Engineer: 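What follows is a structure written as C-alpha cells; I'll ask about it next.
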Amino acid sequence: MSIDIATRGTSLHVTDSIEQRQCVLRMPEPAEVETIDGDRFYFPVDAAARVDTESITLGSYVATFVRNGDGDVVAQMDRTDGVDLGSGEYLIELEQPVKLYVRIEGSLTVETNGMTTTVGTDGDLFVAGRSRHNHPAGTITTTAESREMMRAVSAMSSSLKTTSVERSYPTLRGHPPEIELGDELDIPESMAPADAGVRVEVPPRLRFVYPVAPLAFYLGAEVVPGNVPRLVGEDGFSYRLDGPGGFEETVAQTLKQTLLFDCVARTEGFYEVELAERDEVDQRVDLDWADLYGRALSEQLDAYLSVPYERIADCVPKWKTAGYVAPEAENAELLPYLIDDLATIKAPAGEATTPEQVQSDSLFDFARAGSGPDVAALTGPTRSTTRSMGEERAQRPEGSLPDLVEPEPTGAFETVWADDGVPVGAIKASVDGYRNGIEHTPSQEIGVTVVVNDEGMTEEGDVAEEVYGDDTDFPFDLRVYRNLTTERLSAVLETEREFLHYIGHVESDGFQCSDGRLDARNLDFVGVDAFFLNGCASYDQGMALLENGAVGGVVTLTEVVNSGATRVGKAMVKLLNYGFPLHSALSVASKQSFVGGQYSVVGDGDVDIVQGESIGAPITDIEQVDDGYIARVRLYPDSDLSTGGMASIDIADDRRQHLAPGVLGEVFYSDLESLLEDAEDDLVRYEGEIKWLSELSQ
C-alpha cells in the first residue's frame, strides 16, 4: 500500500511513499488513528482511517463539494462560503497532491477564509487518500508490421477508467500499457480496447497510425485499416480526418475540440462547477449540454464536430504536450508516455541550425523581451574547460557538438522530439528515461546533491545550498560537494539520489574534475533520478546519464557564458524548490538570462524535486500599467496536472473554475498594496525578475 495515514503531534500526515507526495492537516490536539476499510467512501481509495478528532484544517483554500453518503451533491464550497449541516453522512473531496476524502458521520461544518479550509463535526471523522501514482498496468508486445501496430495502439484505451465525458479528467484516464517491439503480437486479455462504439479508420501505415493514437485512446476507439482517414460510429456517424488543414492538423483539432466540449458537458454530471470556458463556449455555439451529457459517444461527436473548429479555437486551453514523432517502428515504445499526456502527434518538422545561431537567437529573444545584458557579460568566460593560455574567454568546447534542429513551434507547454538530431527549445525523447522513472524505488527522504566543481562558480552553489529543501514538510537530505576527483564524482553519480545539481565545466566527453574528466558513458549504473548539468555543451553527458539509469534532466546544447549560466541556475534553484518540475522550471528560468535559449530538457520533463503546495506549478505575472497593476495567474503543468484538469484563481473574487494548465485569469489592481493584501506570499514574475510577492513592498 503506497498511502500511509498517521499523526505526529497535532498534525495528520497523509503520505504517498511512491509518488513522494504528502498532505498535512492540522488538528486542535493530538489524536489517535484507526485504520478502516475504504468501503465507507463513495469513491475508490487506497487507504482510510478513523481519526479521533473534532476537526481538521488544511493549510490552503480548496473549492469543493459536499456529498451525502450516496454521492449526491448537497452543498458546494467556495472561497468564503460556510457550510453548516445537521446530523447525517457526508463526503468531502479535497483536491491535493494526494487525493483526499473526508467522511463525516454526524453534524458537519466547513469553513474557509480563502486561505485555509477547516472541517468539523460532533460525530465521527474519517480520512482517506488515493494515490495519483499512475504506472502502466502491463506491457503489450507488437511487431513492426503496421496492422499489428494498429491493434497494439487500440489496446491503449484499456486503461480508461470511464468512457463517459468524465474521462476528460486526467485522473480518470489511467496510464496506457507499455509497448515493446518483439517477434509477435501479444496483447494480454485484460487489455482489450474500451469499445465506446467508435472506430478510427486510417491507411495501415505508421505515418497515419501514430497521429491518431492519442485520439483513439481518448475516445476508447479501435484503430482499423481504411482508405480514408475518418471517425466512424454507431447510427451512421462519420467524420473525415483529412480536413483543409491536412490530416495531422485535423486529428489534433478533433482531439482538442472533443476534450473541450467534454469538459463543458461534464458540468452537467458529478461536478456541477461554474466553468469559465463554458461561458466562453456558450457564446459561440448552441448545444444542449444537459442532453448531450448522457448520449452515446457517436451522438456526442456528431454534435460536437458539427461546430467548425475555428469558432471555438480560442476557447481551447493551452495544450500540455505536442510530440514530433518520426514514423519509425522503434518510436512506438514512446507512444504510451505521450498518450498519457494526451499529446498531439505529428511527423517531425523543423530546420537544422548551428550553435552560433542558437546563441544569437537566445540573445535576440532575451533582448526582445525587454532586457539586455551588458557587454562584459557577453564576453565573459564560459563553462567550457578549454581555454587558450592568457585568454580570459573560453574557447569552443572540445569534441563535436550535437547536430541541432529547431522544431516548428507547436503552441504547447512542451514539445517532445523523437527523431534524429537534438531539438532546440524542446524535449529530446528517451524511452530509457521514461522507463527508469517507472522502475524508480522511493526513498524515505528527498536526496539532493549539489556538486560545485569549479572555484569560480561558488555563487550558484551557495544559493543552491541555502535554498534546496528550505521549509518543506517532506524529509529532506542535502549534500554539497566541491572540487571532486573523477573517482569521487563517479561514486556520487552512482549513489541513489533524487536530484543532482552539477555546477562546473563539462565537455561532450566528460565532466571536468580536479584530476581529469569523467565520461558518464563509462559508468555501469547511475543512481541519480533527475539532474541539472549547468556546464557547457552538457547534452551528451546528460543522455549518458539517462541511458544508465536517470529519468530526466536539464542540459546545455552549446557553450554558455558563466554569468548567464549563473542566472539560470539561481532561478532553477528557486523554482525547483517551489515545486516546479524540470520542464516548467526551465520554461520560466530560461527567460531570466540571455543564454536561456541554450538549455534543453532530456528524458521525462515532469520530474520534480520538492512537492508544491498545490496541484500544478503556479506563478503570478505582475505587469505595471499606467493606472495600476495587472496580475495574471499562470499555472504550469506537472505530473499531477495535465490537460483537462481544473483550478481556480487564488486572488480577487473570480470564483469560477478554469481549465488548466494555462492562464487562469487576470485581475486589475489600482495599487500594489491592494494586491499584496489580496494574495499570499506567492512566487511572482515582476519586471522580468522572479521574486516572492512580499519582496515587491521592500
Side-chain angles (χ1 to χ4, degrees), residues 42-43 58 60-68 70-83 85 90-97 99-102 108 110-112 114 117 119 130 132 161-162 164-173 257-285 287-294 300 304 312 315-318 342 614-616 618 633 635 637 640-667:
Y42 180 77
F43 297 100
L58 184 68
S60 62
Y61 154 71
V62 181
T64 187
F65 297 97
V66 178
R67 303 178 188 270
N68 61 23
D70 296 324
D72 300 323
V73 176
V74 295
Q76 183 173 349
M77 279 289 301
D78 219 319
R79 182 172 304 278
T80 57
D81 291 343
V83 172
L85 299 173
Y90 304 104
L91 183 65
I92 302 168
E93 178 180 349
L94 300 175
E95 198 68 35
Q96 292 291 290
K99 188 81 170 185
L100 290 183
Y101 295 96
V102 180
L108 170 66
V110 185
E111 299 177 351
T112 179
T117 304
V119 179
R130 184 173 74 239
R132 296 180 181 275
K161 300 177 183 180
T162 180
S164 71
V165 296
E166 277 81 18
R167 70 183 177 277
S168 54
Y169 286 109
T171 57
L172 292 178
R173 294 199 285 265
Q257 183 166 346
T258 302
L259 180 128
L260 172 65
F261 283 3
D262 277 351
C263 289
V264 174
R266 77 191 184 194
T267 63
E268 296 290 339
F270 292 108
Y271 298 90
E272 299 176 4
V273 302
E274 186 180 356
L275 184 67
E277 284 74 12
R278 175 165 181 167
D279 296 338
E280 297 173 3
V281 170
D282 280 342
Q283 295 175 17
R284 294 164 172 80
V285 305
L287 294 176
D288 187 341
W289 303 111
D291 178 65
L292 285 171
Y293 176 79
Q300 292 171 337
Y304 289 177
I312 51 85
C315 300
V316 175
K318 186 171 182 177
L342 217 59
S614 60
I615 304 296
V633 179
L635 194 61
D640 297 325
L641 179 67
S642 186
T643 303
M646 290 189 308
S648 60
I649 193 170
D650 61 355
I651 55 178
D653 57 356
D654 184 356
R655 300 189 175 189
R656 299 176 301 170
Q657 292 287 314
H658 300 256
L659 293 181
V663 177
L664 303 185
E666 64 178 45
V667 181

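As the structure is a prediction and not an experimental result, all values here were calculated from the model.
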Engineer: Determine the minimum heavy-atom distance between T643 and P170, stating which atoms define it.
Structural biologist: O-CG, 3.5 Å
Engineer: For a 4.5 angstrom cut-off between non-hydrogen side-chain atoms, does E277 reach C263?
Structural biologist: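 No; the side chains remain at least 4.5 Å from each other.
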Engineer: Between R173 (side chain) and R167 (backbone), is there a donor-acceptor pair under 3.5 Å?
Structural biologist: yes
Engineer: How about L292 and Y304: do any of their side-chain heavy atoms sit closer than 4.5 Å?
Structural biologist: yes
Engineer: Passes side chain to side chain contact (heavy atoms under 4.5 Å, CB included), R656 versus D279? Steps please.
Structural biologist: CA-CA 10 Å; R656 299 176 301 170; D279 296 338; 3.5 Å; yes
Engineer: Using a strict threshold of under 4.0 Å (side-chain N to carboxylate O), is an ion pair present between E166 and K161?
Structural biologist: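 No salt bridge links K161 with E166.
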Engineer: Is there side-chain contact between L108 and I92, with heavy atoms separated by less than 4.5 Å?
Structural biologist: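 SC-SC contact between L108 and I92 confirmed.
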Engineer: Determine whether F270 and R67 make a side-chain contact, defined as any pair of heavy atoms from C-beta on separated by less than 4.5 Å.
Structural biologist: yes
Engineer: Run the salt bridge (charged side-chain N to carboxylate O under 4.0 Å, His left out) test against D288 and tell me which residues pass, sequence neighbours left out.
Structural biologist: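 Not a single residue meets the salt bridge (charged side-chain N to carboxylate O under 4.0 Å, His left out) criterion with D288.
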Engineer: What are the two closest non-hydrogen atoms of L664 and A647, and how far apart are they?
Structural biologist: CD1-CB, 3.9 Å
Engineer: Report the C-alpha separation of E272 and V73 in whole Å, then their side-chain angles, then the decisive distance to 0.1 Å, and conclude whether the side chain to side chain contact (heavy atoms under 4.5 Å, CB included) test is met.
Structural biologist: CA-CA 9 Å; E272 299 176 4; V73 176; 5.9 Å; no
Engineer: Under a 3.5 Å distance rule, please check whether R278 uses its side chain to pair with a backbone N or O of E274 as donor and acceptor.
Structural biologist: no
Engineer: Can you find a pair of side-chain heavy atoms, one from V281 and one from L275, that are under 4.5 Å apart?
Structural biologist: no
Engineer: Does atom OH of Y293 have more than 12 heavy-atom neighbours, drawn from other residues, nucleotides or ligands, at distances under 6.0 Å?
Structural biologist: yes
Engineer: Are W289 and T267 side-chain neighbours, meaning at least one heavy-atom pair lies under 4.5 Å?
Structural biologist: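 Result no, sub-4.5 Å side-chain heavy-atom pair not found.
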Engineer: Ion pair present between E93 and R130, side-chain N to carboxylate O less than 4.0 angstrom?
Structural biologist: no
Engineer: What are the two closest heavy atoms between L659 and G644, and how far apart are they?
Structural biologist: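 Where L659 meets G644 most closely, the heavy atoms are CD2-O, 4.4 Å.
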